[in-house]
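Quick notes on the structure that follows.
Every value quoted in this text rests on a predicted model; they were computed, and no experiment measured them. These numbers come from the heavy atoms of this one structure, side chains and all, not from hydrogens, waters or symmetry mates.
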Amino acid sequence: MSIRLRLTAWYSGILAAVLIFWAVVIYAFVYFNSYQEVEQQLKVKSQRITEQIGVNPLSQSLDLDPFTESQLQEAQIYIQLVDYQSRSVKISGNMEKAGIDFPIVELQNIREERGISKIYVHGTPFLVNQQPLSLQGTNEIRGLLQVGANVTSQERLLEALRNILIFGWLVAMALAITSGLILARKSMRPLVNVIDAANQIQSGNDLSVRIQYTGPKDEIGRLIETVNNMLERTELSFRGLEETNAAQRRFVSDASHELRTPLTTIRGNVDFLKKLWDQESTDRPNLDEETVKEMSLEAIEDMADEGKRMSRLISDMLSLARADTGQKIELNPIPLQILVQEVARRSQFLDRQSEWRQGDLSILNGIYVNGSKDYLQQMLFIFIENAFKYTPEGSVTLDAILYKGQVGLRISDTGIGMERDEVPFIFDRFYRADESRGATPGIGLGLSIAKWIIEEHHGSVEVVTRRGEGTTFIIWLPVVFAPPIE
């Protein structure tokens, strides 16, 4: 059974029970009030007649004064007096005219049937008060006084009330069930939209589907809002997963390409050396020993360079793999001036064709940042080596600046620079500008590693560049301690 039918059933069942309860209460109230007045009237008249008759019903005639016939007829009161000893029955004139007689209760059953009871005479309902009569001072029952009233009007009233209550109950239930189904369908329509949207997403690849809802922000409204938020997060996660898979495929493809080149070079040199030193080979060139030795050294040097290149590639890929697995760098407060000065001193020994300039680093005196000394040095060397690589002539400068609680380490060069539209991609793995690809050494992983290190240190990097005029990188790191400004 659907929720809509269950809600309608519960609503209708509760309403039916409430209506039945109130119908019973109303009917009982009307019934009680309708018969109470008649019962009270019968008891009073029975008491008066008993007092009038006296203690010897045999010696008394049924004198109804002060109850005149007109009063009895108007009040529809009927009196019947039974004498068990003489087996005689006296009735009021209105009973005789109407041809009515009440059933006589047997003497042995009179104690069980005494009091007010409802009887039917020729199909007409009467409420009769049956009161035994006995001699004064004795318990011997000598007669029976039956005082009754025609309750046809009360019966009709109660029958009409029953019909009204039953018909009203049926109409109310029909309306309740119909309106309940309509309201339940209207209330459940947003949930049907949720199901349709979920089925649409399940059967297709469109994760941009959202549930349209213009109703109040009630429980269903909040549910739809939650489902829409969940769908949005699912879409973002799915897109992120697709981008990650695409990046991973590009990474594997680029890594395979980068590894293939040095391996091909090494294999070619190995084959060449094998032919060069194989005395029995028919392809062995006819060279003197000095030339063979010189060519062998050149091949070995090529193999060593390619081995170093592969080693750097594997080391860089290992660093990026750690970043992909969510590995965190342990951060501790370190003095920044000592670290940067050490990097500046060692940078002058790197392979370069441009001039190395060390700017004023005294501003870093007393500056501490939360970081890792080894990773920060690796990050600075990546930027400096990158500057040397793309600056065939000119200069590369390292200095520092302070701004609003952050320290900026600035590496500037006067090299070839790049176009602005290339800047968003320079931190992608294996990315190098097309113009420089193959013209400059490198595999395109350095800046990706540097960006990961900066992010792990809760910093950021700023790039300013222009084609033919050089590039400036500013690495911003949050300061955790600095001396007061004098």
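For Y31, the ring-ring contact (aromatic ring centres under 6.0 Å, His included) test picks out Y35, with sequence neighbours left out. Scored by the side chain to side chain contact (heavy atoms under 4.5 Å, CB included) test, R222 finds K217, E219 as partners (sequence neighbours excluded). Not counting sequence neighbours, N370 has no partner by the side-chain hydrogen bond (donor to acceptor under 3.5 Å, both in side chains) test. Residues passing the side chain to side chain contact (heavy atoms under 4.5 Å, CB included) test with Q358, sequence neighbours excluded: A344, L361. Residues forming a ring-ring contact (aromatic ring centres under 6.0 Å, His included) with W356 (at least two apart in sequence, or on another chain): F388. Evaluation of the side chain to side chain contact (heavy atoms under 4.5 Å, CB included) rule for E355 yields R357, S395 as partners, not counting sequence neighbours. Evaluation of the side-chain hydrogen bond (donor to acceptor under 3.5 Å, both in side chains) rule for S296 yields W277 as partners, not counting sequence neighbours. Under the side-chain hydrogen bond (donor to acceptor under 3.5 Å, both in side chains) criterion, T226 pairs with no residue, sequence neighbours left out. For R267, the side-chain hydrogen bond (donor to acceptor under 3.5 Å, both in side chains) criterion is met by no residue, not counting sequence neighbours.
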Compile the donor-acceptor pairs under 3.5 Å between side chains in residues 233-240 and protein atoms, sequence neighbours left out, one pair per line.
residue : atom : partner : partner atom : Å
T234    : OG1  : M230    : O            : 2.7
E235    : OE1  : R210    : NH2          : 2.6
E235    : OE2  : R239    : NE           : 3.3
E235    : OE2  : R239    : NH2          : 2.4
S237    : OG   : R233    : O            : 2.8

For residues 156-182, dump all side-chain donor-acceptor pairs below 3.5 Å to protein atoms at least two apart in sequence or in another chain.
residue : atom : partner : partner atom : Å
R162    : NH1  : Y27     : OH           : 2.6
N163    : ND2  : E159    : O            : 3.2
W169    : NE1  : A16     : O            : 3.4
T178    : OG1  : A174    : O            : 2.8
S179    : OG   : L175    : O            : 2.7
S179    : OG   : A176    : O            : 3.2

Return all side-chain donor-acceptor pairs below 3.5 angstrom for residues 472-481, not counting sequence neighbours, or 'none' if the list is empty.
residue : atom : partner : partner atom : Å
T472    : OG1  : S412    : OG           : 3.3
W476    : NE1  : E462    : OE1          : 3.1

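Among the candidates E342, Q341, Q348, the single residue satisfying the side chain to side chain donor-acceptor pair (under 3.5 Å) test with R345 is E342.
Of the inter-residue distances, the one linking L402 atom CG with K404 atom NZ reads 14.0 Å to the nearest 0.5 angstrom. Residue I384 holds its CD1 atom at 7.0 Å from CG of L350, rounded to the nearest 0.5 Å. Put simply, OG on S460 and CD on E455 are 10.0 Å apart, with the number rounded to the nearest 0.5 Å. In this structure, CG on D413 lies 12.5 Å from CG on L398, to the nearest 0.5 angstrom. The distance from the OG1 atom of T471 to the CE atom of M418 is 4.0 Å, given to the nearest 0.5 Å. Distance check, rounded to the nearest 0.5 Å: CD1 of I338 to NZ of K373 gives 8.0 Å.
No side-chain heavy atom of E298 sits less than 4.5 Å from a side-chain heavy atom of N269. Considering only heavy atoms from C-beta on, L331 comes within 4.5 Å of H458 through its side chain. Looking only at side-chain heavy atoms (C-beta outward), M379 and W452 stay at 4.5 Å or farther from each other. Side-chain contact check for E225 versus N229: some heavy-atom pair is nearer than 4.5 Å. When side chains are defined from C-beta on, T391 does not count as touching I416, because their heavy atoms never get closer than 4.5 Å. Residues N228 and E232 are not in side-chain contact: their nearest non-hydrogen atoms beyond the backbone lie 4.5 Å or more apart. You'll find the side chain of T124 stays beyond 4.5 Å of the side chain of V151, heavy atoms only.
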_Between V340 and L409, does the side-chain contact (heavy atoms from CB on, under 4.5 Å) criterion hold? Intermediate values first, please._
CA-CA 9 Å; V340 177; L409 303 178; 4.0 Å; yes
*Starting from the C-alpha separation in whole Å, work towards a yes-or-no answer on side-chain contact (heavy atoms from CB on, under 4.5 Å) for V423 and T465.*
CA-CA 8 Å; V423 174; T465 184; 3.6 Å; yes
*Carefully, step by step, assess L376 and L339 under the rule side-chain contact (heavy atoms from CB on, under 4.5 Å).*
CA-CA 8 Å; L376 286 177; L339 183 147; 4.0 Å; yes
*Worked verdict on Q154 versus L127 for side-chain contact (heavy atoms from CB on, under 4.5 Å)*: CA-CA 10 Å; Q154 286 82 357; L127 203 62; over 6 Å; no
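Counted within 6.0 Å of CG on D351, heavy atoms from surrounding residues, nucleotides or ligands total 12 or fewer; the atom is thus considered open.
Residues Q337 and L364 share a closest heavy-atom pair of CB-O, 3.5 Å. Pairing each heavy atom of S448 with each of F427, the nearest pair is OG-O, 2.7 Å. Heavy atoms only, all atoms of each residue included: D399 and G359 are closest at CB-CA, 4.0 Å.
A salt bridge does not link R352 to E393: none of the charged nitrogens lies less than 4.0 Å from a carboxylate oxygen. R467 has a carboxylate O that lies under 4.0 Å from a charged side-chain N of E422, or vice versa, which qualifies the two as a salt bridge.
Side-chain atoms of S354 never come within 3.5 Å of backbone atoms of V396 as a donor-acceptor pair (strictly under, hydrogens ignored). Within the 3.5 Å criterion, the main-chain N or O of S372 finds a donor-acceptor partner in the side chain of H457.
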